[in-house]
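For reference, the structure discussed in these notes is given below.
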Amino acid sequence: MSPLEYVIKTEIYQQGSITVERFMSLVLSHPKYGYYSSRDSIGGEGDFITAPEISQMFGEMLGLWALVTWQQTNGDKNLSLTEIGPGKGTLMKDILRAVKMVTDLDNKIQINLVEISQKLKLLQQAKLINYKPKWYPSISKLPHDQTIFIANEFFDALPILQVVGNNYKWYERRISLREKEPFELFFTLGPPIQIDSLPSNILNLKVTDGEIFEYSPSREITILSLAKRVENKGGAILIVDYGHNKTSIGETLQAVKNHQSHSVLENPGIADITAHVDFESLKRAVSDTNTNFFGPITQGEFLRRIGIETRAAKLLKNANSSSALKIESALKRLIDPNGMGQMFKVVAITKRGSPVPPGF
Ligand code: SAH
């Protein structure tokens, strides 16, 4: 049994069943044994691959987006960029390359990185050392400065709660432990949930026996805290993630190991666990702030509108035949509906009154 599995099973043994939210946070963010702190997760040799690891074009386009949005919201003061969940540091490196191609801001860029994994922090350090980034363990520790927030595949890693429909009521879905060897983990039902503790629009959804509904207070609190910063200081937020436009019923919790689906409860901590982002719930969470919410639009649409095909054409001009093939296939993967183009969505948030950011 891995140390993390031991931690989880001991907690259940001592205190009783735990929520899916508690399980996800232990698996992903346990300070010592959590998935992000202990494994090489991202990239061809890891468990999953993200857009910046597919092609430099992704980060370059986001860099140009950030620069234009900064100028729209701020004029010519020093650029400040804050990435949340920077992975291997590839996205920020590509962003900065693009920014440097079109400006001489070089020494005037402030980079903040929010990262929980010490292991990934070391990789980020190696890639970004010349830019002297500052690291923060959580959003609440960030300075209250004007900045452009960027989060690619971060929200899907924040924990969710699940409820299961039964006889016109919703019951909390929890994780428990068998009493006999090999003490397996299993899903169980907790007490019925008061309808007023669930997101308000669940009232419009039909309760069907056995159906699962997912929601995430943690994601809503996170987006609200970012939106409040934008409301007070200006700047903008750009979020890219996989998920759905509208709140809906259905289970999306999934574990992935070596690019393959993996059982959520088996060997916790050796696979990545995520759930799709409900973009409507993010929009609802910030609806009382003095901000505008743009999107969601698909990643394919967004990247096309901000010019990724022109960038690819430019790279293709100087490429030999093998790199040309790579560029073409990466472009397709990023924007094609059969790749990441449809499933991944993009949203932006700016202070009310600022111009519409590029792509929306
Ligand atoms: N944006 C990167 C990595 C995505 S993976 C890319 O596109 O390649 C998710 C990232 O978020 C990892 O860097 C992980 O360590 C970080 N992370 C996950 N949960 C976090 C949390 N609660 N606080 C800060 N960082 C977190």
Side-chain angles (χ1 to χ4, degrees), residues 21-63 66 81-96 111-128 133-142 148-160 216-223 225-226 237-243 254-257 259 269 271-275 277 299 303 330 333-334 340 343-346:
E21 183 181 55
R22 176 70 184 153
F23 178 76
M24 252 180 115
S25 2
L26 284 171
V27 170
L28 295 178
S29 347
H30 185 280
K32 198 152 161 206
Y33 308 125
Y35 174 77
Y36 287 115
S37 316
S38 56
R39 305 194 69 88
D40 285 325
S41 45
I42 311 163
E45 314 210 318
D47 294 322
F48 59 96
I49 190 148
T50 56
E53 303 299 331
I54 290 174
S55 166
Q56 67 181 76
M57 291 183 286
F58 181 79
E60 289 171 350
M61 299 320 297
L62 264 52
L81 298 172
T82 302
E83 189 179 355
I84 308 165
K88 293 176 151 182
T90 312
L91 175 55
M92 186 51 86
K93 192 161 182 203
D94 294 338
I95 285 176
L96 292 167
I111 311 294
N112 299 322
L113 303 172
V114 179
E115 178 57 71
I116 40 159
S117 160
Q118 286 306 314
K119 195 164 179 170
L120 288 172
K121 185 177 162 184
L122 290 177
L123 296 182
Q124 295 154 18
Q125 233 155 10
K127 280 219 177 97
L128 298 168
K134 291 197 177 126
W135 277 269
Y136 299 87
S138 68
I139 292 166
S140 61
K141 300 276 191 300
L142 283 168
I148 306 275
F149 292 102
I150 293 174
N152 184 56
E153 289 207 41
F154 169 73
F155 278 82
D156 66 76
L158 295 179
I160 57 154
S216 175
S218 150
R219 293 175 185 177
E220 292 178 18
I221 291 166
T222 302
I223 191 85
S225 76
L226 295 177
I237 306 166
L238 185 73
I239 296 169
V240 186
D241 224 312
Y242 47 93
Q254 58 172 356
V256 171
K257 162 127 201 76
H259 309 270
D272 185 31
I273 300 189
T274 59
V277 174
Q299 175 172 301
L303 290 177
R333 205 160 161 197
L334 292 176
M340 304 172 96
M343 165 89 93
F344 281 73
K345 313 280 189 305
V346 185

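Worth knowing before you read on, the calculation uses all heavy atoms, side chains too, and leaves out hydrogens, waters and symmetry mates. Both counts, for ligands and for their atoms, begin at 1 and track the order of listing.
Considering CE of M92 and CG of L128, their distance stands at 7.0 Å, rounded to 0.5 Å. Separation of atoms CH2 (W135) and CG (L142) is listed at 13.5 Å; rounding is to 0.5 Å. With values rounded to the nearest 0.5 angstrom, L28 atom CG is found 7.5 Å from I116 atom CD1.
Every heavy atom of L28 sits 4.0 Å or more from the atoms of ligand 1.
Checked against a 3.5 angstrom limit, the closest N/O atoms of E115 and ligand 1 fall inside it. Of the N or O atoms in G87, one or more lie within a sub-3.5 Å distance of an N or O in ligand 1.
Looking at residues two or more places apart in sequence or on another chain, you find a salt bridge (charged side-chain N to carboxylate O under 4.0 Å, His left out) between K257 and D47.
Looking at atom 22 (N) of ligand 1, its nearest protein heavy atom turns out to be L158 CD2, 4.0 Å. Scanning the protein heavy atoms around atom 5 (S) of ligand 1, the nearest turns out to be E153 O, 3.8 Å.
Applying the ring-ring contact (aromatic ring centres under 6.0 Å, His included) rule to pairs touching residues 31-57 yields H30-Y33, sequence neighbours excluded.
Close approach to E83 involves these atoms of ligand 1, each under 4.0 Å from a residue heavy atom: 1 (N). Listed by number with element, the atoms of ligand 1 under 4.0 Å from a non-hydrogen atom of P52 are 6 (C), 7 (O), 8 (O). Heavy-atom proximity to T50, at under 4.0 Å, picks out these atoms of ligand 1: 6 (C), 7 (O), 8 (O).
Using modelled atom types and a 3.5 Å distance limit, the side chains of Y242 and T274 yield a donor-acceptor pair.
Comparing I84, V114, I116, I150 against atom 26 (C) of ligand 1, the shortest heavy-atom distance belongs to I116. If you check each of G85, S138, A157 against atom 2 (C) of ligand 1, the one with the closest non-hydrogen atom is G85.
Side chain of R333 to main chain of A51: no donor-acceptor pair is present (N/O by atom type, distance under 3.5 Å, no hydrogens or angles). H259 contributes no side-chain N or O that, together with a main-chain N or O of E45, makes up a donor-acceptor pair within less than 3.5 Å.
The parts of N152 lying near ligand 1 are both backbone and side chain, judged by heavy-atom distances below 4.0 Å.
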